[in-house]
There are 4 protein chains.
Amino acid sequence: MGNNLLAGKKGIIFGALDDKSIAWKVAERCVEEGAQITLTNAPVALRMGAIKTLGEKLNAEIIPADATSDEDLEHLFTKSMEILGGKVDFVLHSIGMSINVRKKREYTNTKYDWMHKTLDISAMSFHRMMQCMWKLDAINDWGSILGLTYIAAQRVFPDYGEMAESKALLESFARSFGYHFGTEKKVRVNTISQSPTITTAGSGVKGFGDFFGYADKMSPLGNASSEACADYCVTMFSDLTRMVTMQNLYHDGGFSQMGMNPALLEK
Amino acid sequence: MGNNLLAGKKGIIFGALDDKSIAWKVAERCVEEGAQITLTNAPVALRMGAIKTLGEKLNAEIIPADATSDEDLEHLFTKSMEILGGKVDFVLHSIGMSINVRKKREYTNTKYDWMHKTLDISAMSFHRMMQCMWKLDAINDWGSILGLTYIAAQRVFPDYGEMAESKALLESFARSFGYHFGTEKKVRVNTISQSPTITTAGSGVKGFGDFFGYADKMSPLGNASSEACADYCVTMFSDLTRMVTMQNLYHDGGFSQMGMNPALLEK
Amino acid sequence: MGNNLLAGKKGIIFGALDDKSIAWKVAERCVEEGAQITLTNAPVALRMGAIKTLGEKLNAEIIPADATSDEDLEHLFTKSMEILGGKVDFVLHSIGMSINVRKKREYTNTKYDWMHKTLDISAMSFHRMMQCMWKLDAINDWGSILGLTYIAAQRVFPDYGEMAESKALLESFARSFGYHFGTEKKVRVNTISQSPTITTAGSGVKGFGDFFGYADKMSPLGNASSEACADYCVTMFSDLTRMVTMQNLYHDGGFSQMGMNPALLEK
Amino acid sequence: MGNNLLAGKKGIIFGALDDKSIAWKVAERCVEEGAQITLTNAPVALRMGAIKTLGEKLNAEIIPADATSDEDLEHLFTKSMEILGGKVDFVLHSIGMSINVRKKREYTNTKYDWMHKTLDISAMSFHRMMQCMWKLDAINDWGSILGLTYIAAQRVFPDYGEMAESKALLESFARSFGYHFGTEKKVRVNTISQSPTITTAGSGVKGFGDFFGYADKMSPLGNASSEACADYCVTMFSDLTRMVTMQNLYHDGGFSQMGMNPALLEK
């Protein structure tokens, strides 16, 4: 029941864990729109996750890859091109994890080894992925690369901790690599800054419930769901958005543009 | 040959003058995607323009309206709803004209009566249009309203003169009215900030040629064409972008995110 | 007890109404820092206001001027140069008034004649003022022009109504004219985006109290006072900030950079 | 010949290498304004640099510290408080170095170990410095922390390489830690985004000369000098800017607000 927007396109989806994951919904929608995909996640996530069900449903092969390992990424792209029968047209990066947050370290008591690890997993993995594609010449001209991000890259949400820095870094990689990919290959690189979303990962953040409700009230349209996000990703992978690049695109029901919503002051 | 993205939707396109107009391309693409539309422009523009050809081609009625006249706008929306058989789902505002620029007044020698006229035509017309729709209850829930804008709203391009202010005003109206429309009707309001485009209106600006070339070199993907802009507008009118609102979306081949492009320094 | 930061400088302060006005505090601080100034406001405001007291205290002449009248502005600058014995070095624009808000018209029921008037008073007066200085060659090289603004130019605060648009316009004028003044005269033009402030004008806005409290809680340092704003203006008029131009500078205790403050969720 | 703006204040200046360094000028100006300071830099930089001359001139003790070592930082702050006789009031962070750029690795061929090192030196050192001050309670209420940054954090300057990411990270740390320091201690944290500056470090970047000239032409006031930057830092350390926090402040002659300067197109 799609619109055939991705007919003939090949893609790779990083980060589907279970059916609450945004990446899961994106994978489903891409296939519905006519794309052929492979799925990937960290070996440990694959063990926990229900991704096998998704792979079967979508007829998509699952290729484990630690996104902080250049070898794993090389294997992933090489293997994907084999399976899909050529270079890819789109990639979704939906990976994020903060060790300091998970271990409940205060932001003012950050452990720097953990922060390095957090940045590597959540942001440098995006650069690694693009550099790997660059070296292997793994993406077609006019391809589209997307990363998921959060407005904490621009404004402070204290409970989000060092993930703010991870997302600032991720968005900077999108711009910088977007210049190189655009110039050489007409490939676009963008990030989508999504509303807080009730995923298995997202809900782990301290005070997530209050936070979700606050954002929902602040946003004139309410928080955007992961299904809506998947729809938006489809447009960004389609040929209808070829000249949009190096942008951070808010998909948030208007949250980012609000200063204050009177609804917040009502009981 | 479209993807049926706007099947069953009804819309109004402001500002098609001739086949170089962005609005012209948007009208064509919307119909191609399954929409039914009406066209409008100022009576004087209709007399000069070739819009009749477009109307015939697209089977779209043309309703003259001075966008600075509330009466004309009321007639336009009432008539459009009659013709289209109900409320509209999307509207494109592509209107802009600076009297001081046209009359070659320096920015430091602005005539304020003319500036008021410029702001009314180029920006307040957007508010008038939305207020008219609000009062007539002329747009369906989850509808989409778009205005075309330019990056001069954020950064200085001296030859653009008071159009910079017009666009800053236009984008502010999008945010403010976006809040009201979002809260009450789930309707989204966005602006698309398009590359310099060779239109009959655009080319009138002093030094447009140099300017176009500069932007083209600065942008990793080059300047976006009006055809590409029409594609992008289609995604914004479709149901795939329902939660994007109050945003200013750059459609510019990456221009907005560049600080310097080494290509500019080469001979 | 100042630091002599404005020794030998001459300036004009627009918009002091009574001792709650930011402009009032700025006038006091400028004189304390060694400047010689003239004061101006609309004839009607002068009649209501206590500005005579201020003029006497600061030994500053008061020159009535309707900031929407080019003739009045010309008289103001000519007269000020006479009194101060030469061109000025700095100017503060602190003028704003929305007719639609004052008359309690809903934003979705705006009266456009009133909006034109609002924009003229609150924003175009800034352009008029600069254009007048440009034509009369009334400001010294390396001079400094400041306008006061509010974050509603970037984000939606529904109760602020069309003042959002006025401020967006004002900030655009600062950039555009800042280019011309910078290039020709090394004069800088900036806007200061101040916290909500309890002034006679500010408190008129609907729901101002709730709004003030919300901003105060959101801001890590709390809302900035008008006294603190006057200090900041002094730095911007001094020679220590000569290379800062065309900027919108937030003076808001950090409000603008917050996404959410947990303090808001506490009882 | 200063204005006594920092009378009685104590501070620490990171990053003075030689008399072309911005930090060098800031140190001189702070002392001129009445402050008492200590100087610090990496042991290796101290060996190469002429900082001893500066220390003697300013009567400022030099305390070597590797800004990526928490132990060194602890020693630095403890020692500084001893020497200065109490907590500090201001700190300047002016540290940056990219290993991949220095080793001439292409951005699309980044070595990730080096990138980790770059981020640690150029950005995480800012967090480490603040965390150390937090833990030692080393800064007075209403103190001021500044980091120097560059507009590559917002826009792409290809030759700047991974320093773009370092600066994006630095600015994010300023916001995040600014929230904590503001809430707990009324301490403000800001970054100054300075024009390209001819320093020993800056000139190492590929194509720096062209780049400097381009920025100079683009900026209505030309590029800001390091002397002007030092003046601006003084205002940010003074009590006149107490309510400015979590901001990125452009000190760039207007560069950041320009879209195109016609001067660039002239021969």
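In the text below, chain A, chain B and the rest are named by the order of the sequence lines, each starting its count at 1.
Of the inter-residue distances, the one linking C:E227 atom CD with D:M243 atom CE reads 11.5 Å to the nearest 0.5 angstrom. Note that OG1 of C:T245 is 9.0 Å distant from CD of D:Q257, once rounded to the nearest 0.5 Å. Note: D:T235 OG1 to C:M236 CE = 8.0 Å, rounded to the nearest 0.5 Å. Of the inter-residue distances, the one linking C:N3 atom CG with D:S238 atom OG reads 8.0 Å to the nearest 0.5 angstrom.
Note on C:L5, C:T183, C:L221, C:D231: by heavy-atom pairs under 4.5 Å with chain D, the leading option is C:L221. Among C:G222, C:A7, C:A224, the residue with the largest count of heavy-atom pairs under 4.5 Å with chain D is C:A224. Of the residues considered (C:E184, C:R188, C:H251), C:H251 shows the highest number of contacts with chain D, using heavy-atom pairs under 4.5 Å.
Only the backbone of D:R242 comes within contact range of chain C, with heavy atoms under 4.5 Å apart. C:N261 touches chain D through its side chain: at least one heavy atom from C-beta onward sits under 4.5 Å away, while N, CA, C and O do not. Within the 4.5 angstrom heavy-atom criterion, no atom of D:N190 approaches chain C.
Between the side chains of D:Q247 and C:S256, at least one donor-acceptor pair of N or O atoms lies under 3.5 Å.
The environment of C:D141 atom CG is dense: over 12 non-hydrogen atoms of other residues, nucleotides or ligands sit within 6.0 angstrom.
Of all non-hydrogen atoms in D:V244 and C:Y250, the two that sit nearest each other are CG1-O, 4.0 Å. For C:M246 against D:G254, the heavy-atom pair with the smallest separation is SD-CA, 4.0 Å. Here the closest non-hydrogen pair linking C:G178 and D:P220 is O-CB, 4.5 Å.
Evaluation of the side chain to side chain contact (heavy atoms under 4.5 Å, CB included) rule for D:K87 yields D:M81, D:D137, D:N140, D:K185 as partners, not counting sequence neighbours. Scanning for salt bridge (charged side-chain N to carboxylate O under 4.0 Å, His left out) contacts around C:K186 gives an empty result, with sequence neighbours left out.
Here the side chains of D:Y179 and C:P262 are in contact, with some heavy-atom distance below 4.5 Å.
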